[in-house]
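The structure appears below as structure tokens.
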Amino acid sequence: MQRPLIIALDLDNAEKRKELLAAFKEEKLYLKVGMEMFYREGAQAIHELKEQGHSIFLDIKLHDIPNTVKRAMKVLAGLGIDMINVHAAGGKEMMKAALEGLEAGTKAGSVRPKLIAVTQLTSTDQAMLKDELCIWEPLEDVVIHYAKQAQEAGLDGVVCSAKEVPLIRGYCGQDFLTVTPGIRQASDDVADQKRVVTPEAARELGSYAIVVGRSITTSETPYQTYQTMKAKWEGNHEKTNC
Ligand code: C5P
């Protein structure tokens with residue numbers, strides 16, 4: 001199974017994105033387009049990136065009534081994206097509707113985009129779960145419960161911390177995809193991420209894909225940093241000079 005390193009395109013504007021991608025020359029990348037970029041630049045930017053041969057994870061985290069999510073997913077599937085997500089908190093019916101929408105919107109002969117669920121945001125802690133969301137269960141149990149709900153709804157996987165991967169794969173099986181942000185090299189600035197994991201640790205923990213933002217986008221040499229992190233993620237770093 002090919003395991004992607006997904007670059008999070010969290011940049012201020014289109015010029016900065018183009019400047020960053022220019023450093024990668026002809027390399028075909030897996031890129032994460034978040035709400036900020038999608039709301040700013042819309043479908044046109046996705047079409048451009050697809051034309052350049054890149055794969056796209058549209059990190060749009062839909063959460064609404066099932067009918068609205070289904071209709072939105074049908075439209076978004078038409079963009080030819082490769083992966084998209086919803087909040088598991090929207091419930092099983094909503095997740096099933098999202099999947100139906102994606103299937104309906106996928107062009108004949110194309111592969112349906114992978115659909116994954118956000119279990120609990122990494123900005124949510126145990127106190128917030130209890131005090132603000134009125135959820136009294138341990139955070140870890142909530143994450144497992146949501147992952148199982150997502151699987152029962154037919155989704156392909158979840159976004160989670162790499163540290164949660166062994167547990168989730170234990171409950172949902174080895175084929176259930178785990179897409180893990182919060183990745184840093186040992187020497188990197190952690191910034192606002194709380195529980196970071198190195199690419200090599202994410203590999204050992206069994207992540208399906210890692211999402212890397214600032215370690216690459218703020219690097220003075222983004223292409224070299226990408227290659228180094230990719231080699232570590234793929235377990236090839238001992239064979240390179242990095
Ligand atoms: O710059 P950094 O590597 O921390 O970026 C991580 C990316 O993954 C950001 O786009 C962030 O929004 C996203 N993300 C996350 N934690 C989640 C879900 C998404 O960091 N639980």
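Both counts, for ligands and for their atoms, begin at 1 and track the order of listing. Please read these numbers as outputs of a predicted model, since none were measured by experiment.
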Does Asn13, at its CG atom, have more than 12 non-hydrogen atoms belonging to other residues, nucleotides or ligands within less than 6.0 Å?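 Yes, the 6.0 Å shell around CG holds more than 12 heavy atoms from other groups.
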Between Tyr30 and Phe57, is the ring centre distance below 6.0 Å?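 Distance test on ring centres: not under 6.0 Å, no.
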Which residue and heavy atom of the protein sit nearest [atom], plus the separation:
{"atom": "atom 19 (C) of ligand 1", "result": "Pro181 CG, 3.8 Å"}
{"atom": "atom 6 (C) of ligand 1", "result": "Gln193 NE2, 3.7 Å"}
{"atom": "atom 10 (O) of ligand 1", "result": "Asp10 OD2, 2.6 Å"}
{"atom": "atom 16 (N) of ligand 1", "result": "Thr122 OG1, 3.2 Å"}
{"atom": "atom 12 (O) of ligand 1", "result": "Lys32 NZ, 4.1 Å"}

So Tyr226 and Phe24, would you call those rings parallel, tilted or perpendicular, with 30° and 60° as cut-offs?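 Aromatic pair Tyr226/Phe24 classed perpendicular.
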Name the one of Gln227, Lys230, His54 that satisfies side-chain hydrogen bond (donor to acceptor under 3.5 Å, both in side chains) with Glu27?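 Among Gln227, Lys230, His54, the one meeting side-chain hydrogen bond (donor to acceptor under 3.5 Å, both in side chains) with Glu27 is Gln227.
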Have a look at Cys160, Gly34, Ser215, Gly213 and point out the one with the heavy atom closest to atom 5 (O) of ligand 1.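 When every heavy atom of Cys160, Gly34, Ser215, Gly213 is considered, Gly213 comes closest to atom 5 (O) of ligand 1.
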Closer than 4.0 angstrom, basic N to acidic O: yes or no for Asp82 and Lys32?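 A salt bridge is absent here (no side-chain N lies under 4.0 Å from a carboxylate O).
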Please list, in number order, the atoms of ligand 1 under 4.0 Å from a heavy atom of Arg214.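 So the atoms of ligand 1 that pass are 1 (O), 2 (P), 3 (O), 4 (O).
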Side-chain (Glu164) to main-chain (Ser161) donor-acceptor, under 3.5 angstrom: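 Such a contact is found between Glu164 side chain and Ser161 backbone.
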Report yes if some N/O of Arg184 lies less than 3.5 Å from some N/O of ligand 1; otherwise report no.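 Indeed, backbone or side chain, Arg184 has an N or O that close.
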